[in-house]
Amino acid sequence: MTSINPRRYPPLLTGLVLALVLSVGAGRPAEAGTWKRLDVEETETYALRYLPTGIDPAEPAPVVVFLHGSGATPGQWKSTLQPVAEQLDVVLLVPKSISDLGFGVGADDATIAGALELLEQEQALDSRRISLAGHSAGGAYALVLAYAPGSRFSGALSLSAPYRTVLEVADPDYTAPAYLYYSTGDFNFQGASYEALRQQLERLDVPLTTRIEEGFDHSSWPADTLPTGFEFLLQQRYGEGPCEPSPTRLCLRDGRFAVDGDWRDRFGNTGVARVVQDKTGDSGMLWFFDAANWEVLVKVLRGCGVNGHYWVFAAATTNVEYTLRVTDLVAGETREYSNQLGVSSPAVTDTLAFGTCP
């Protein structure tokens with residue numbers, strides 16, 4: 001546990017079948033910087049969605065599904081959540097629970113699944129970064145749903161939640177990391193909900209981050225609490241790409257792209273490129289002769305929103321002969337970049353490398 005202070009997704013439950021009627025305007029170009037109501041006929045309720053002003057409807061965006069507490073409504077959270085969405089460029093989806101008692105009494109999983117389907121009619125979604133957050137009863141349900149059969153959520157943020165039983169992590173391939181926030185003045189904290197939830201999640205081997213604050217109550221927290229919690233969610237990815245890192249294989253962009261290479265010097269010596277770090281986000285380094293003498297910087301950038309391609313940039317400080325291979329393991333395509341012996345390596349700026357978005 002860490003403590004701190006300051007796929008197109010499938011149905012949420014196995015076998016769940018949704019009959020959806022699109023809300024008015026769904027399928028039309030979305031207007032950034034606006035709230036919109038999405039009606040889910042299947043459960044006779046709705047969700048509010050917010051698209052931040054910096055969002056591109058064609059570029060897959062992360063989504064935080066925020067669940068309100070008992071007796072509350074999505075509209076009561078608009079002014080609190082909107083600044084966080086703008087700050088972090090994250091799409092918000094705020095469903096209304098079927099029962100006024102809160103989430104988990106009715107088929108709220110169907111509401112969330114239906115609202116996500118409607119949202120995808122107007123905004124491309126990053127299926128690996130759809131996460132759950134919630135306050136009070138909504139926070140408890142976020143934890144329950146994050147580990148339910150068929151769920152594909154990347155993480156869960158729970159604020160001031162009462163205790164709810166989580167029997168197991170149903171997904172054998174991925175356990176969504178969880179973040180628990182409480183204040184010592186919160187009745188749920190004082191009633192031992194925090195300690196019970198913490199012990200339960202640790203028994204299930206859930207990667208857990210906690211934050212406990214003094215001087216706040218059930219519905220109040222420091223100003224940085226939501227931005228910090230949302231940043232935690234945005235760092236999570238559902239699953240990993242197929243790349244397996246090794247001393248001679250660099251994995252980029254969450255394991256989707258693999259980079260390897262080989263070289264030959266003027267004396268006829270040959271070898272394979274070695275990885276400085278076994279895994280990074282967008283970029284990494286390779287060496288040929290000495291681990292302290294780095295030769296090549298490689299980047300794979302997502303230019304899907306610009307020209308529909310992944311880009312490959314590389315720069316080398318060498319005049320040996322080498323071939324660099326970058327492979328999109330999802331699409332099964334490889335690009336090679338070579339340098340001739342005795343020639344100072346030019347920079348690679350291939351903005352048409354892979355037309356395999358998303």
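Along the sequence shown, residues are numbered consecutively beginning with 1.
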Quiz item: Do Y194 and N188 have a side chain donor and acceptor closer than 3.5 Å?
Solution: no
Quiz prompt | Any side-chain donor near an acceptor of the partner, W294 and D290, under 3.5 Å | solution = no
Quiz prompt | I98 backbone acceptor or donor facing T45 side chain under 3.5 Å | solution = no
Exercise. Compare every heavy atom of N269 with every heavy atom of W263, then report the nearest pair and how far apart it is.
Key: CZ3-O, 3.4 Å
Self-check item: Lys NZ or Arg CZ of R335 over F354 ring: under 6.0 Å, within 45°
Solution: yes
Practice problem: Using only heavy-atom distances, determine whether the side chains of Y50 and E86 contain a donor-acceptor pair under 3.5 Å. | Solution: yes
Exercise. Verify the distance criterion only: is there a donor paired with an acceptor across the side chains of E214 and T184 at less than 3.5 Å?
Key: yes
Quiz item: What's the spacing between Y182 OH and F187 CZ if we round to 0.5 Å?
Solution: 10.5 Å
Self-check item: Shortest non-hydrogen contact from L329 toward R249
Solution: CD2-NH2, 3.9 Å
Quiz prompt | Aromatic Y181 / basic R211 pairing, under 6.0 angstrom, 45° off normal | solution = no
Quiz item: In terms of side-chain geometry, is the basic nitrogen of R266 or E321 positioned less than 4.0 Å from the acidic oxygen of its partner?
Solution: no
Practice problem: Could you grab the distance from atom CG of L226 to atom CG of L81, nearest 0.5 Å is fine? | Solution: 6.5 Å
Quiz item: Taking C-beta and beyond as the side chain, do L48 and P95 meet within less than 4.5 Å on heavy atoms?
Solution: no
Quiz item: Got a sec: does the CH2 of W287 have more than 12 other heavy atoms crowding it under 6.0 Å?
Solution: yes
Exercise. Could you check D108 against T111 for side chain to side chain donor-acceptor pair (under 3.5 Å), going step by step and ending with a plain yes or no?
Key: CA-CA 5 Å; D108 294 302; T111 297; 4.6 Å; no
Exercise. Inspect the surroundings of CD in E195 and state if more than 12 heavy atoms from other residues, nucleotides or ligands are less than 6.0 Å away.
Key: yes
Quiz item: Looking at the rings of W221 and F216, which for Trp means the six-membered one, are their centres under 6.0 Å apart?
Solution: no
Quiz item: Does L286 reach the side chain of V276, with side-chain heavy atoms less than 4.5 Å apart?
Solution: no
Quiz item: Just by distance, do the side chain of E202 and the backbone of Q199 share a donor-acceptor pair under 3.5 Å?
Solution: no
Quiz item: Under 6.0 Å from the NZ atom of K299, do we count more than 12 heavy atoms belonging to anything else shown?
Solution: no
Exercise. Check for a donor-acceptor pair, side chain of D39 on one end and backbone N or O of E41 on the other, with a separation under 3.5 Å.
Key: no
Please tabulate, for side-chain N and O atoms in residues 158-170, each donor-acceptor pair with protein atoms closer than 3.5 Å (sequence neighbours left out).
{"from": "S158", "atom 1": "OG", "to": "G139", "atom 2": "O", "distance (Å)": "3.2"}
{"from": "S160", "atom 1": "OG", "to": "H218", "atom 2": "O", "distance (Å)": "3.0"}
{"from": "Y163", "atom 1": "OH", "to": "Q200", "atom 2": "OE1", "distance (Å)": "3.0"}

Exercise. Kindly indicate whether the side chain of N339, heavy atoms from C-beta on, has any atom under 4.5 Å from the side chain of L324.
Key: no
Practice problem: Grab the two heavy atoms, one from I112 and one from L67, that are nearest each other, plus how far apart they are. | Solution: CD1-CD2, 3.9 Å
Quiz item: Taking it one step at a time, do F288 and R274 satisfy side chain to side chain contact (heavy atoms under 4.5 Å, CB included)?
Solution: CA-CA 6 Å; F288 296 164; R274 314 287 291 187; over 6 Å; no
Quiz prompt | Under 3.5 Å donor-acceptor, S136 side chain and G138 backbone | solution = no
Quiz item: Does a donor on one side chain and an acceptor on the other come within less than 3.5 Å for S183 and D186?
Solution: no
Quiz item: Between Y147 and L204, is any pair of side-chain heavy atoms under 4.5 Å apart?
Solution: no
Practice problem: Please report the shortest heavy-atom distance between P227 and L88, naming the atom on each side. | Solution: O-CD1, 3.8 Å
Practice problem: Calculate, to the nearest 0.5 Å, the distance between atoms OG and CG belonging to S154 and L234 respectively. | Solution: 8.0 Å
Quiz item: Closest approach of L93 and A47, non-hydrogen atoms and distance?
Solution: CD1-CB, 4.0 Å
Self-check item: Whether over 12 other heavy atoms sit under 6.0 Å from E44 CD
Solution: no
Practice problem: Drop me the distance from D328's CG to F257's CZ, to the nearest 0.5 angstrom. | Solution: 4.0 Å
Quiz prompt | Atom of F232, atom of P177 and distance for their closest heavy-atom approach | solution = CZ-CB, 3.7 Å
Quiz item: Without hydrogens or angle criteria, can the side chains of R152 and Y238 be said to hold a donor-acceptor pair below 3.5 Å?
Solution: yes
Practice problem: Applying side-chain hydrogen bond (donor to acceptor under 3.5 Å, both in side chains), name anything that partners R325, two or more places apart in sequence or on another chain. | Solution: D260, D262
Self-check item: Atom CD of E244: over 12 foreign heavy atoms under 6.0 Å
Solution: no
Quiz item: So W77 and H135, side chain to side chain contact (heavy atoms under 4.5 Å, CB included) or not? Walk me through it.
Solution: CA-CA 10 Å; W77 282 93; H135 172 243; 3.6 Å; yes
Quiz item: If you round to the nearest 0.5 Å, how far is CG of L51 from CG of L119?
Solution: 6.5 Å
Self-check item: Y322 and S345: side chain donor to acceptor below 3.5 Å
Solution: yes
Quiz prompt | Ring center gap for F103 and H68 short of 6.0 angstrom | solution = yes
Practice problem: First locate atom CD of E122, then atom CZ of R49, and finally report the distance between them rounded to the nearest 0.5 Å. | Solution: 4.0 Å
